[in-house]
Amino acid sequence: MSLHEMPLVEGVFASNWVAPAGPALETFEKEFAAKVGAKHATAVVSGTAALHLALQVAGVGPGDEVACSTLTFVASANPIRYLGATPVFVDSDDGSWNLDPGLLENFFRKRREAGRLPKALVLVHLYGQAADIAPIAKLCDEHGVILVEDAAESLGATYQGRHPGTFGRCGIFSFNGNKIITTSGGGMLVSEDPRLVEEARYLATQARDRVNYYQHSQIGYNYRLSNVLAAIGIGQLRVLEQRVEARRRIFERYEALLGGLPGLSFMPEAKHGRCSRWLTCVQIDPVRFGVDREAVRLALEAKNIESRAVWKPLHMQPIFAACETVGGAVAERLFAHGLCLPSGSAMSDADIERVAEVVRACARP
Ligand SMILES: *Cc1c(COP(=O)(O)O)cnc(C)c1O
């Protein structure tokens with residue numbers, strides 16, 4: 001937390017708007033939309049809930065297929081299943097670790113010939129880096145596939161100077177405890193289309209019809225964010241740029257300390273944008289480095305330092321084993337060799353040096 005949140009939360013208590021409604025919620029939505037350059041936004045209890053609503057207002061339903069980046073957290077694909085649709089996973093490229101536009105083009109072409117295009121695409125912006133949105137958005141446009149952006153990990157990043165999450169029909173963000181800014185838990189759905197955001201907000205509040213008694217013509221959800229948590233969000237938004245600066249600085253320190261080691265490479269920053277460096281991620285080539293990713297992780301753990309493997313691709317998950325996958329070898333390699341180093345915004349130089357020292361000691365002498 002910064003110094004901004006507590007007075008804002010105290011303001012909420014003073015007003016007694018301790019509810020999933022209130023002035024802080026409206027302010028948070030307005031300020032968030034302005035910050036990312038979106039027209040409209042609605043705040044919900046999680047990024048997962050936001051994605052569920054985004055896909056539902058996109059019209060995804062039983063029997064549909066939805067393409068999705070394979071190298072991501074499971075929350076990118078679970079909402080596809082909530083709606084009774086089926087995910088098709090698409091591999092990453094090495095330059096951004098995000099969805100490969102070339103693979104998507106082939107996939108869409110084949111599916112168009114077969115007359116079986118997916119209804120939508122969940123495009124993930126991973127670890128603070130935007131995917132190459134322009135060619136992907138163009139492909140979606142040409143093939144009538146609805147683009148939904150999962151920018152849960154990439155608030156504060158840019159793509160061609162604009163915020164990822166604002167290019168598709170809807171974009172979603174997360175304020176979970178581990179994200180670059182947090183409300184403890186929370187999410188946001190943004191769109192240029194006021195009707196979509198209105199519909200999402202309606203679904204998020206139990207789909208209550210606009211009459212003076214409780215009437216429901218649709219199944220809704222209890223997904224609205226608390227006004228208390230929205231106050232935390234307003235405070236966190238004020239330090240977003242500082243958080244991005246802190247994460248980028250942490251990355252630069254790691255790079256300075258570990259950059260020369262043979263067999264160790266950092267997630268590249270694609271030319272198309274500015275990475276927030278939400279997490280500093282490396283790949284460890286066991287042959288050149290001397291030991292594998294897991295050995296490094298265990299060496300860190302032995303010093304009470306938590307690091308984590310890069311996301312296990314969704315096409316490798318037991319729950320999605322039967323799903324179709326386009327490519328997959330790049331994501332499999334990034335998972336096999338990828339490690340996320342401690343990257344919390346509050347890390348000191350001494351903390352970073354302590355982590356780097358352990359990693360360095362694992363390398364082939
Ligand atoms: C965190 C995350 C989500 C889900 O956000 P929650 O707020 O935790 O529900 C979705 N997609 C990705 C890629 C994430 O990292």
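Whatever order the structure lists ligands and atoms in, that order sets their numbers, starting from 1. In this text, all values refer to a predicted model and were calculated from it rather than measured experimentally.
- Here the side chains of S92 and N98 are not in contact, with every heavy-atom distance at 4.5 Å or above.
- Between the side chain of S276 and the backbone N or O of S154, no donor-acceptor pair lies under 3.5 Å.
- Between F108 and H143, the ring-plane angle classifies as tilted under the 30° and 60° cut-offs.
- Counting side-chain heavy-atom gaps under 4.5 Å among Ile, Leu, Val, Met, Phe, Trp and Tyr, the cluster of Y202 also holds V44, V45, L53, V57, L189, L196, V197, L203, Y221, Y223.
- A cation-pi arrangement is not found for R277 relative to Y254, the charged atom failing to lie both closer than 6.0 Å to the ring centre and inside a 45° cone about the ring normal.
- Electrostatic pairing of R274 and E245 counts as a salt bridge here, judged by a charged N lying under 4.0 Å from a carboxylate O.
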Once you restrict both partners to nitrogen or oxygen, which atoms of ligand 1 have a protein partner under 3.5 Å, and how far apart are they?
residue: ligand 1; atom: 5 (O); partner: S174; partner atom: OG; Å: 3.3
residue: ligand 1; atom: 7 (O); partner: G47; partner atom: N; Å: 2.7
residue: ligand 1; atom: 7 (O); partner: S174; partner atom: OG; Å: 2.7
residue: ligand 1; atom: 8 (O); partner: N176; partner atom: ND2; Å: 3.4
residue: ligand 1; atom: 9 (O); partner: G47; partner atom: N; Å: 3.3
residue: ligand 1; atom: 9 (O); partner: T48; partner atom: N; Å: 2.9
residue: ligand 1; atom: 9 (O); partner: T48; partner atom: OG1; Å: 2.5
residue: ligand 1; atom: 11 (N); partner: D150; partner atom: OD1; Å: 3.3
residue: ligand 1; atom: 11 (N); partner: D150; partner atom: OD2; Å: 2.7
residue: ligand 1; atom: 15 (O); partner: E153; partner atom: OE2; Å: 2.6
residue: ligand 1; atom: 15 (O); partner: K179; partner atom: NZ; Å: 3.4

